[in-house]
Amino acid sequence: QSNISRYRQEFLEIGLIGRGSFCSVYKCLNRLDGCLYAVKRSIRPLTGSINEKRALNEVYAHAVMGRHQNVVCYFSAWAEDNHMYIQNEFCNGGSLADVIKYTKFTEADLHMLLHQLAEGVNYIHSKDLVHLDIKPENVFISQEISMDVKEVTKEVEHVVYKIGDLGNVTSLNNPQVEEGDCRYLTREVLQEDYSHLAKADIFALGLTIYEAGGGGPLPKNGDKWHTIRDGHLSNLKQCSSQFNNLLKQMINPQPSARPSAVAILYHPVLVPPSNK
Ligand SMILES: Cn1cc(CCO)c2c3c(c(-c4ccccc4Cl)cc21)C(=O)NC3=O
């Protein structure tokens with residue numbers, strides 16, 4: 001029935017998990033399939049406004065994106081009662097920003113994090129898309145707890161990191177650039193040079209890993225902001241010089257000097273040593 005809200009009809013709202021200036025995110029149980037979803041409810045943007053373009057852009061990006069284990073999965077989007085809804089995969093482990101607040105990642109943790117996020121970034125780039133807002137707040141965590149059958153008590157926990165919030169995603173070929181968070185923004189994009197947008201994602205990924213390793217909080221402007229854009233990053237104490245050098249390469253002032261997502265995946269510091 002058109003007068004009953006699809007949101008209320010299809011979902012049981014479990015709780016509020018996030019709030020933005022014009023939106024709220026709820027953890028919801030789908031009454032039909034019994035699965036949990038993250039549903040973002042935002043004020044419907046004015047028809048023809050820049051915000052409408054952005055909202056549609058997010059849905060188009062999800063639709064074009066398809067599925068990848070390291071990208072938050074999109075299920076549906078609709079408009080009703082002057083609001084827009086987007087129904088995404090629910091990640092039960094919070095955001096990377098939440099975890100960074102109380103955890104410092106070891107080098108092994110950072111290798112796993114970088115490997116998974118590079119897989120997700122590589123997938124996005126392989127679709128000729130760029131994310132443009134990679135940062136800890138937009139990395140969501142799924143924890144699968146599985147009981148190890150041999151020793152019933154042992155819980156094998158497999159953590160999966162997923163890139164979310166495709167609000168700034170744009171096509172590499174015909175970029176409509178919406179700048180992301182200035183803490184992760186490159187100098188060249190700030191100066192409206194869009195010739196190496198994929199490398200802007202690599203730069204933001206480098207700073208995201210650096211923050212997970214305890215290097216944050218990152219500056220929003222000023223001398224410290226420029227020092228990082230000059231390619232200077234203090235070393236993460238818990239990491240090898242090889243890993244620290246990889247992070248420095250990822251934030252190289254020259255976009256073309258930054259490694260591609262594929263190059264990161266095959267970087268010797270990430271490739272597990274052969275057991276032979
Ligand atoms: C604030 N917040 C907290 C969470 C749960 C983390 O355990 C969350 C999620 C999403 C989103 C989200 C981001 C951007 C657009 C749409 C959504 Cl649903 C926001 C989320 C999303 O797409 N999937 C989430 O789990």
Side-chain angles (χ1 to χ4, degrees), residues 5-8 10-30 33-45 50-80 83-103 113 116-117 119-121 123-124 129-145 157-170 178-181 183-184 201 204 208 211-212:
S5 148
R6 166 174 167 181
Y7 178 64
R8 297 267 167 244
E10 290 190 8
F11 298 93
L12 173 66
E13 194 176 275
I14 308 286
L16 182 70
I17 52 180
R19 188 183 279 288
S21 36
F22 298 101
C23 69
S24 300
V25 183
Y26 298 93
K27 175 179 176 181
C28 296
L29 181 71
N30 183 294
D33 67 21
C35 294
L36 289 171
Y37 293 94
V39 179
K40 183 175 85 170
R41 178 176 191 265
S42 42
I43 294 284
R44 179 153 185 186
I50 177 73
N51 286 331
E52 185 191 51
K53 245 175 70 56
R54 277 194 203 137
L56 290 173
N57 180 63
E58 177 174 1
V59 173
Y60 297 155
H62 270 295
V64 166
M65 191 72 73
R67 295 185 60 136
H68 186 276
Q69 130 127 328
N70 299 113
V71 178
V72 169
C73 184
Y74 158 83
F75 287 88
S76 179
W78 68 97
E80 70 180 5
H83 283 84
M84 268 196 71
Y85 295 81
I86 182 166
Q87 173 196 350
N88 285 347
E89 166 185 11
F90 172 68
C91 305
N92 64 358
S95 75
L96 181 61
D98 298 332
V99 174
I100 289 175
K101 283 180 198 138
Y102 55 80
T103 311
L113 176 65
Q116 290 194 31
L117 294 185
E119 290 278 14
V121 169
Y123 179 75
I124 293 169
L129 296 169
V130 282
H131 186 281
L132 295 187
D133 200 17
I134 291 174
K135 58 178 181 176
E137 288 84 352
N138 288 339
V139 172
F140 299 109
I141 299 170
S142 279
Q143 281 157 347
E144 278 117 31
I145 308 272
E157 185 180 290
H158 181 55
V159 177
V160 181
Y161 299 102
K162 298 171 183 273
I163 297 168
D165 195 338
L166 307 190
N168 291 58
V169 165
T170 190
E178 277 298 312
E179 282 173 16
D181 188 315
R183 294 172 292 172
Y184 308 86
D201 280 345
T208 295
E211 265 196 308

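Counting convention: from 1, in listed order, for ligands and their atoms alike.
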Undergrad: Can you name the residues that form a ring pair (Phe, Tyr, Trp, His ring centres under 6.0 Å) with F90, not counting sequence neighbours?
TA: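 F90 satisfies ring pair (Phe, Tyr, Trp, His ring centres under 6.0 Å) with no other residue.
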
Undergrad: Which residues satisfy the ring pair (Phe, Tyr, Trp, His ring centres under 6.0 Å) test with Y60, sequence neighbours excluded?
TA: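 Partners of Y60 under the ring pair (Phe, Tyr, Trp, His ring centres under 6.0 Å) test: none.
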
Undergrad: Only counting residues at least two apart or in another chain, list the ones meeting side-chain hydrogen bond (donor to acceptor under 3.5 Å, both in side chains) with Q143.
TA: none

Undergrad: Salt bridge or not for E13 and R8, using N-O below 4.0 Å?
TA: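 Judged by the 4.0 Å cut-off on N to carboxylate O distance, E13 and R8 do form a salt bridge.
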
Undergrad: Would a 4.5 Å heavy-atom cut-off, applied to side chains only, mark V25 and R19 as touching?
TA: no

Undergrad: Using a 3.5 Å cut-off on N/O to N/O, what pairs does ligand 1 make with the protein? A line per pair would be great.
TA:
from, atom 1, to, atom 2, distance (Å)
ligand 1, 7 (O), C91, O, 2.5
ligand 1, 7 (O), G94, N, 2.9
ligand 1, 22 (O), N88, ND2, 3.1
ligand 1, 23 (N), E89, O, 2.8
ligand 1, 25 (O), C91, N, 2.8

Undergrad: Side-chain contact test, heavy atoms from C-beta onward, threshold under 4.5 Å: evaluate it for Y184 versus I134 and give yes or no.
TA: no

